[in-house]
Amino acid sequence: MTNESMDEVYRPQYHFSAQTGWINDPNGLVFYKGRYHLFFQHNPFGTQWGNMTWGHAVSADLLHWRQLENALLPDKLGTMFSGSAVVDWNNTSGLQSGPETAIVVLYTAAGGTSEESKGQPFTQCLAYSTDAGDTLTKYEGNPVLPHVAKENRDPKVAWFAPGGYWVMALYLDGNTYALYSSSDLKAWEHLHNIEMQGCSECPDFFEAPIEGDEGERRWVLTAANGKYLVGRFDGRLFVPETVEPVQVDFGANYYAVQTYSDIPDGPASRRDGRRIQIAWMAGGAYPGMGFNQQMSFPCEMKLMRTVAGLRLTRQPVAEITTLYSTTRAWGDLLLTQPIVLSQHDLLDLTIECDVHPDAEVVLDIRGERLTFSAAQGALTCLGKTAPLAPVSGHVTLRVLVDRASIEVFGNGGLISMTSCFTPAPSASQTVLLGSGAKVTSLVVHELNTAWD
Ligand code: FRU
């Protein structure tokens with residue numbers, strides 16, 4: 001499949017959307033031999049949720065996506081719900097049959113969600129690729145993990161290097177998740193259950209280094225809504241250090257988050273070994289379009305020590321710079337009158353300001369207002385509010401604008417807001433206004449489309 005014309009009014013130009021039909025969760029995010037795979041929940045037959053199938057796209061840079069044939073189709077065990085993928089470097093599964101290392105996918109067969117699977121429960125199944133991820137083959141011994149509870153689903157697998165085995169995080173029911181271990185990705189042993197208040201669905205479980213703290217690492221468990229616990233994991237027991245799940249994103253459209261597996265480690269100077277997350281921008285409207293829903297921009301997640309404790313930050317991946325076309329920069333401006341920043345619909349802009357205690361910084365983006373209020377210590381956009389306090393009187397806002405989204409990153413990604421929007425086609429200007437703020441740096445990049 002190639003990319004058709006991707007130029008509709010609300011067609012995201014550097015965010016992933018399917019050529020046609022509905023999409024939701026990112027699935028099976030895995031990097032292998034220079035390609036980022038993005039599988040996704042897909043309805044190939046309509047623009048509403050249903051007929052869950054794994055769609056598939058690949059990219060060398062997380063910007064330019066090529067959609068391939070659908071990878072997993074519904075079967076007697078159910079329709080294809082969410083899951084994850086890993087590269088089985090040591091052939092623990094024994095599924096490698098040629099020169100390519102096997103990529104192994106764990107997914108949920110949602111029994112009872114189709115005529116064909118009537119009466120079946122939700123189970124966890126395995127599929128694998130022996131052609132570098134081009135196609136997936138279902139394992140003949142499915143399911144690999146029988147039904148545990150209610151609509152248990154969304155297995156996310158990670159390699160536990162010190163033990164030389166795999167761990168899986170699985171959503172069970174209510175606010176309950178479970179961890180499992182396996183030596184071959186086929187036979188799974190229950191480790192223990194974990195409660196995450198206010199959370200459900202789509203766990204992710206990964207280890208991350210603490211920035212600036214040589215050799216220190218922690219494990220992070222996230223839920224579909226992106227809230228996370230940080231803690232220690234000895235291969236059997238995950239012990240959170242955070243008291244309750246921490247929220248990083250405050251926008252209206254951030255859900256079913258998942259991070260990439262198998263991005264190779266590398267020297268810090270190349271910023272490799274990154275932990276890159278994609279969310280489904282759940283909700284949002286795309287009136288009149290033949291597609292429905294989009295993915296968030298891929299973000300690098302880092303674990304930082306802050307006064308509040310260990311926190312994840314989110315920042316757009318650096319690859320975005322390759323889309324820059326025109327750049328304009330300003331310095332040392334007092335916000336007294338509106339400044340027109342751009343007439344373009346694709347932007348990556350950063351504002352750094354010194355703010356008075358009662359300052360306001362307002363961006364009017366094609367008729368939608370993004371407001372930072374120093375007095376309230378808050379950022380407001382598209383009906384949602386995020387806490388954001390100046391640090392030593394200074395605030396940084398980075399804003400990505402696409403045809404149907406606004407993503408905001410405050411103070412180096414300590415908070416973010418991921419939101420869809422539907423601007424009137426006639427509204428083209430992005431304008432900066434406000435009072436009581438001195439802009440120390442303002443850089444506006446206009447972007448090229450990523451669709452060839
Ligand atoms: C999250 C979710 C998952 C499920 C999938 C079905 O958005 O409900 O729990 O696997 O979507 O499409």
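Quick caveat: nothing in here was measured; it's all calculated off a predicted structure. Start at 1 and go down the list; that is how both ligands and their atoms are numbered.
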Salt bridge check: are D7 and R403 linked by an N-O gap of less than 4.0 Å?
-> yes
With heavy atoms of [X] as the reference, note each atom of ligand 1 found under 4.0 Å away.
X    : value
W49  : 6 (C), 12 (O)
M52  : 12 (O)
Q41  : 5 (C), 6 (C), 12 (O)
D25  : 1 (C), 2 (C), 3 (C), 4 (C), 5 (C), 7 (O), 11 (O)
S82  : 5 (C), 10 (O)
Y255 : 1 (C), 7 (O)

Under 4.0 Å, heavy atoms only, figure out whether ligand 1 is touched by the backbone of N24, its side chain, both or neither.
-> side chain
Within 6.0 angstrom of K138 NZ, more than 12 heavy atoms from elsewhere = yes
Does Y171 reach ligand 1, in the sense of a heavy atom lying below 4.0 Å from it?
-> no
Testing L349, T350, N411 for side chain to side chain contact (heavy atoms under 4.5 Å, CB included) with R398, which one passes?
-> T350
Look at atom 8 (O) of ligand 1 and say which protein heavy atom is nearest, naming residue and atom and giving the distance to 0.1 Å.
-> E201 OE2, 2.8 Å
Quick one: pull up CH2 in W188 and CG in L170 and give me the separation to the nearest 0.5 Å.
-> 10.0 Å
Interatomic distance, D184 atom CG to W166 atom CH2 [nearest 0.5 angstrom] = 10.5 Å
Verify ring pair (Phe, Tyr, Trp, His ring centres under 6.0 Å) between F238 and F205, making sure each step is shown before the conclusion.
-> CA-CA 10 Å; F238 174 64; F205 191 49; 5.4 Å; yes
Pair R11, S17: side-chain N/O donor-acceptor within cut-off below 3.5 Å = yes
Out of I23, D154, T108, T53, whose heavy atom is nearest to atom 4 (C) of ligand 1?
-> D154
